[in-house]
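Structure, as structure tokens:
Computed over heavy atoms, backbone and side chain alike; hydrogens, waters and symmetry mates excluded.
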Amino acid sequence: MQQIRIMEIPKIKAVYSGPLTSDEKFQEFNKWFSDYHASLTCELFPRDFMWYNERANAQEWFYALPEKADLSQIKEYEIVDLPSGLYAVGSCLDADLDEAKDWMSTREEIINWVKESKLFDLYINEAGKEERYPMFHIITPVRMFHKGISIENLYVPIVEKE
């Protein structure tokens, strides 16, 4: 059984990639946020979150900005609120390593855990509500990738039961 934890992502500003409809767009955003992130000091955790937007039929990437970021320096991309709220979170292999088998298994375990919970329900996208999808970020240090080690945190949006 997955070790599932509950996390709350606050409303914070994020740089938004837009729909990543080509490898070129993906690589451009990856380079932008990697360079930006490398310029920060004292960073302890990943700030990038990716999801598959079912409505737009495309991957989208968010980069959570530090509290005192100079927004005037960011001209290439839109600034939005990071999709906030409660998430049930579990860790799995990077989906690129096993064609998303562990990702799908972990997502299923999280969903089943939430469905059995007396405290939480799965978040449902509806008109008038913030759009939220399962999202992830890689948590393994880049230097470990060449050893075939790549783990990601998978976030499934939830709400408290009423």
Is there a side-chain contact between [X] and [Y], using heavy atoms and a 4.5 Å cut-off?
{"X": "Lys31", "Y": "Phe26", "value": "no"}
{"X": "Val159", "Y": "Ile124", "value": "no"}
{"X": "Asn153", "Y": "Arg5", "value": "yes"}
{"X": "Pro66", "Y": "Leu40", "value": "yes"}
{"X": "Ile6", "Y": "Leu86", "value": "yes"}
{"X": "Val89", "Y": "Gln3", "value": "no"}
{"X": "Phe62", "Y": "Val15", "value": "no"}
{"X": "Ile138", "Y": "Asp48", "value": "no"}

Both conditions, 6.0 Å and 45 degrees, for the charged tip of Lys129 above the ring of Tyr123: are they met here?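 Relative to the ring axis of Tyr123, which defines the angle, Lys129 lies inside both limits.
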State whether Phe136 and Arg107 meet the cation-pi test: NZ (Lys) or CZ (Arg) under 6.0 Å from the six-membered ring centroid, and within 45° of the perpendicular axis.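 No, Arg107 and Phe136 do not form such a contact.
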Applying the ring pair (Phe, Tyr, Trp, His ring centres under 6.0 Å) test to His137, which of Trp61, Tyr155, Tyr87 qualifies?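 It is Tyr155, the one option of Trp61, Tyr155, Tyr87 that forms the ring pair (Phe, Tyr, Trp, His ring centres under 6.0 Å) with His137.
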Between [X] and [Y], which heavy-atom pair has the shortest distance, and what is it?
{"X": "Ile12", "Y": "Ala64", "answer": "CD1-CB, 3.6 Å"}
{"X": "Ala58", "Y": "Pro19", "answer": "CB-CB, 3.8 Å"}
{"X": "Tyr36", "Y": "Ala69", "answer": "OH-CB, 3.5 Å"}
{"X": "Ala88", "Y": "Ile4", "answer": "CB-CG2, 4.0 Å"}
{"X": "Gln59", "Y": "Tyr52", "answer": "N-CD1, 4.0 Å"}

Is there a side chain to side chain donor-acceptor pair (under 3.5 Å) between Asn125 and Glu131 once you walk through the steps? CA-CA 6 Å; Asn125 286 317; Glu131 202 166 22; 5.3 Å; no
Decide yes or no on side-chain contact (heavy atoms from CB on, under 4.5 Å) for Arg47 and His37, but give the supporting numbers first. CA-CA 8 Å; Arg47 291 181 168 274; His37 192 77; 4.1 Å; yes
Within 6.0 Å of [atom1] in [X], more than 12 heavy atoms from elsewhere:
{"X": "Glu8", "atom1": "CD", "result": "yes"}
{"X": "Glu76", "atom1": "CD", "result": "yes"}
{"X": "Glu160", "atom1": "CD", "result": "no"}

Connected via hydrophobic side-chain network under 4.5 Å: Val80 and Ile9: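 Result: yes, single cluster for both.
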Cluster overlap Val114 with Met104, hydrophobic side-chain contacts below 4.5 Å: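 Per the 4.5 Å side-chain linkage, Val114 and Met104 are co-clustered.
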Measure the spacing between [atom1] of [X] and [atom2] of [Y] and express it to the nearest 0.5 Å.
{"X": "Lys25", "Y": "Asn30", "atom1": "NZ", "atom2": "CG", "answer": "15.5 Å"}
{"X": "Asp121", "Y": "Lys115", "atom1": "CG", "atom2": "NZ", "answer": "10.5 Å"}
{"X": "Glu152", "Y": "Cys92", "atom1": "CD", "atom2": "SG", "answer": "4.5 Å"}
{"X": "Trp32", "Y": "Ser17", "atom1": "CH2", "atom2": "OG", "answer": "10.5 Å"}
{"X": "Leu154", "Y": "Glu109", "atom1": "CG", "atom2": "CD", "answer": "10.5 Å"}
{"X": "Arg132", "Y": "Ser84", "atom1": "CZ", "atom2": "OG", "answer": "7.0 Å"}

Passes side-chain contact (heavy atoms from CB on, under 4.5 Å), Tyr133 versus Arg55? Steps please. CA-CA 10 Å; Tyr133 298 99; Arg55 180 190 44 78; 3.7 Å; yes
Partner of Ile110 by side chain to side chain contact (heavy atoms under 4.5 Å, CB included), out of Val156, Leu122, Ile158: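 Going through Val156, Leu122, Ile158 one by one, the side chain to side chain contact (heavy atoms under 4.5 Å, CB included) with Ile110 is satisfied by Val156 alone.
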Donor-acceptor pair, distance only, cut-off 3.5 Å: does the side chain of Lys161 make one with the backbone of Ser117?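 Answer holds: yes.
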Thr106 side chain to Gly90 main-chain N or O, any donor-acceptor pair under 3.5 Å?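 Not a single qualifying donor-acceptor pair exists.
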Considering only NZ, NE, NH1 and NH2 on the basic side and carboxylate oxygens on the acidic side, decide whether Lys11 and Glu130 come within less than 4.0 Å.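 Between Glu130 and Lys11 there is a salt bridge, with a charged N closer than 4.0 Å to a carboxylate O.
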For Leu65 and Leu82, run side-chain contact (heavy atoms from CB on, under 4.5 Å): C-alpha distance rounded to whole Å, both residues' side-chain angles, the deciding distance at 0.1 Å, then the answer. CA-CA 9 Å; Leu65 290 166; Leu82 184 66; over 6 Å; no
With a 3.5 Å cut-off and no angle check, do the side chains of Glu60 and Tyr16 form a donor-acceptor pair?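 Yes, Tyr16 and Glu60 have a side-chain donor paired with an acceptor closer than 3.5 Å.
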So, for Phe29 and Tyr77, is the gap between ring centers shorter than 6.0 Å?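 Yes; Tyr77 has its ring centre under 6.0 Å from that of Phe29.
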